[in-house]
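Note that the structure is a prediction, hence the values are computed from the model and not measured. The basis for the numbers below is simple: all heavy atoms, side chains too, and nothing from hydrogens, waters or symmetry mates. Read the numbers this way: they start at 1 and go in the same order the structure lists the ligands and their atoms.
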Amino acid sequence: MNQKTALITGATAGIGYETANLLAQNKYNLILTGRRKERLESLKTKLELTFGCKILLLTFDIRSRKATETALSSIPEEWRAIDVLINNAGLAAGLGPVNSADVDDWENMIDTNIKGLLYTIRTITPWMVERQSGHVVNISSIAGKESYPNGSVYCGSKHAVAAISKAMRIELMPFGIKVSSIAPGAVDTEFSLVRFRGDQEKATQVYKGFTPLQAKDIAETILFVITRPPHVNIDDLLIMPTSQASARDFHRK
Ligand code: NDP
Ligand code: 8X3
């Protein structure tokens, strides 16, 4: 049995998927979540065979408080010593101004990026408090530091993740629990494909003419953050592509 356990939300794609691979390689046992069951199952098979780690899968929609609480509460006792919680599941839905954007998209982003993250934190952190140990890593964004036009609610949701992380750090500090916030710039994942509802052409344009971050870059950053010595916490880490200097400034060839 490997020694440490990490729970990663949104492990079926992108940053969560690559983080699962890297942590398995680094001898973590993993609790992996997402809605796409087949992807989770094939990832579990691959990681168990390749790295000999133990994997527990939980398939649920994080927007549903009931589904999230039910799934997380079903985690068996022997898995509850969670050393690292990586709140990664999230999305942007659409891109449009407040006067005409789709309100369903707003609900989707708020329910996933803010409420789903909170339901997860509310269920898992009491176990960390009991053990007086643990590390929560919240995936924010450059959009949690700057707002850009047509992204008000996505940016708002990521600003909320940053604000929640700051308060959590103070609340959980007396229990020896670390809280880190990681804010990436553009990462080439399924993110833009989801944002543009499967429009591959629009998604490709987002990363055109410059080299974006790869999900592996963020996985390596997460591994760095969670392997610092006990007296060191990385509070807030902004990681950008070299050709992106702000939420809106790209150097495209
Ligand atoms: P992907 O679309 O590649 O992956 C998103 C993951 O989140 C998937 O595993 C998906 O699983 C899961 N997820 C989304 N909605 C739900 C839901 N309702 N219930 C359960 N799981 C859900 O995107 P990324 O890897 O890029 O995104 C990961 C995080 O990184 C997000 O929080 C995003 O906001 C953030 N981020 C991304 C950046 C980028 O440029 N890509 C930059 C900065 C931050 P499934 O669909 O199977 O449920
Ligand atoms: C994702 C990065 O700039 O598309 O969080 O919002 S951005």
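Any N or O atom pair closer than 3.5 Å counts here, and Gly10 shares at least one such pair with ligand 1. For Ile62, a nitrogen or oxygen atom sits less than 3.5 Å from a nitrogen or oxygen atom of ligand 1, counting backbone and side chain alike. The distance criterion of under 3.5 Å between nitrogen or oxygen atoms is met by Val187 with respect to ligand 1. Of the polar atoms of Asp61, at least one N or O is found under 3.5 Å from an N or O of ligand 1, judged by distance alone. Residue-to-ligand polar distances keep Gln244 apart from ligand 2: every N/O pair is separated by 3.5 Å or more. Between Ile15 and ligand 1, at least one N/O pair is under 3.5 Å apart.
In this structure a side-chain-to-backbone donor-acceptor pair under 3.5 Å is missing from Thr5 to Leu30. Panel note: side chain Thr12, backbone Arg39; no donor-acceptor pair is recorded below 3.5 Å. At distances below 3.5 Å, at least one donor-acceptor pair connects side-chain atoms of His159 with backbone N or O atoms of Ala143. Not a single donor-acceptor pair under 3.5 Å links the side chain of Asn87 to the backbone N or O of Thr9. With hydrogens and angles ignored, the 3.5 Å screen pairs a side-chain donor or acceptor of Arg252 with a backbone N or O of Lys208.
Grouping the Ile, Leu, Val, Met, Phe, Trp and Tyr side chains by contacts below 4.5 angstrom, directly or via other members, places Met128 with Phe175. The hydrophobic clustering, which links ILVMFWY residues whose side-chain heavy atoms are closer than 4.5 Å, places Val103 and Ile110 together. No chain of hydrophobic side-chain contacts below 4.5 Å, direct or via other Ile, Leu, Val, Met, Phe, Trp or Tyr residues, connects Leu193 to Val187. By the rule that hydrophobic residues join a cluster once side-chain heavy atoms approach within less than 4.5 Å of another member, Met240 and Tyr148 end up as members of separate clusters. Criterion: ILVMFWY side-chain heavy atoms under 4.5 Å apart, direct or through other members. Under it, Ile55 and Ile226 are part of a common hydrophobic cluster.
Ligand 2 lies less than 4.0 angstrom from a heavy atom belonging to Arg195. Residue contacts with ligand 1 include Lys158, since one of its heavy atoms falls under 4.0 Å from the ligand. Taking a 4.0 Å cut-off on heavy atoms, Phe60 registers as neighbouring ligand 1.
Of all protein heavy atoms, the one lying nearest to atom 28 (C) of ligand 1 is Asn88 OD1, 3.1 Å. In terms of protein heavy atoms, atom 5 (C) of ligand 1 is closest to Gly90 O, 3.7 Å. For atom 36 (N) of ligand 1, the closest non-hydrogen atom on the protein side is Tyr154 OH, 3.9 Å. Protein heavy atom at the shortest distance from atom 48 (O) of ligand 1 is Arg35 NE, 2.7 Å. In this structure, the protein non-hydrogen atom closest to atom 11 (O) of ligand 1 is Thr12 OG1, 2.9 Å. Of all protein heavy atoms, the one closest to atom 43 (C) of ligand 1 is Pro184 O, 3.2 Å. For atom 42 (C) of ligand 1, the closest non-hydrogen atom on the protein side is Gly185 O, 3.1 Å. Taking atom 23 (O) of ligand 1 as the reference point, the nearest protein heavy-atom neighbour is Thr189 OG1, 3.5 Å.
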**OP:** Kindly determine whether Tyr154 and Phe191 satisfy ring-ring contact (aromatic ring centres under 6.0 Å, His included), including the steps that lead there.
**Re:** CA-CA 12 Å; Tyr154 179 70; Phe191 179 85; 5.4 Å; yes

Subject >> salt bridge (Lys or Arg N to Asp or Glu O under 4.0 Å) assessment of Asp83 paired with Lys178 >> reply: CA-CA 10 Å; Asp83 300 286; Lys178 298 185 186 189; over 6 Å; no

Subject >> Stepwise side-chain hydrogen bond (donor to acceptor under 3.5 Å, both in side chains) check, Gln200 with Thr204 >> reply: CA-CA 6 Å; Gln200 186 63 65; Thr204 305; 3.2 Å; yes

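Evaluated by nearest non-hydrogen atom to atom 6 (O) of ligand 2, the leading choice among Tyr148, Phe250, Phe191 is Tyr148. In the candidate list Ser192, Pro212, Ala89, Ala92, Ala89 is nearest to atom 21 (N) of ligand 1, counting heavy atoms.
Using modelled atom types, one finds a donor on one side chain and an acceptor on the other under 3.5 Å when comparing Lys46 with Asn21.
Every atom of ligand 1 with a heavy atom of Ala186 under 4.0 Å away is listed here by number and element: 40 (O). In the vicinity of Ser141, heavy-atom distances shorter than 4.0 Å reach the ligand 2 atoms 1 (C), 2 (C), 5 (O). Listed by number with element, the atoms of ligand 1 under 4.0 angstrom from any heavy atom of Ser140 are 43 (C), 44 (C). Within ligand 2, counting atoms from 1 as listed, the ones closer than 4.0 Å to a heavy atom of Ala143 are 6 (O). Each of the following atoms of ligand 1 lies closer than 4.0 Å to a heavy atom of Ala11: 9 (O). Close approach of ligand 1 to Gly14 (heavy-atom distance below 4.0 Å) involves ligand atoms 3 (O), 25 (O).
Residue Ala215 does not touch ligand 1, judged by heavy-atom distances below 4.0 Å.
Electrostatic pairing of Arg169 and Asp236 does not count as a salt bridge here, judged by no charged N lying under 4.0 Å from a carboxylate O.
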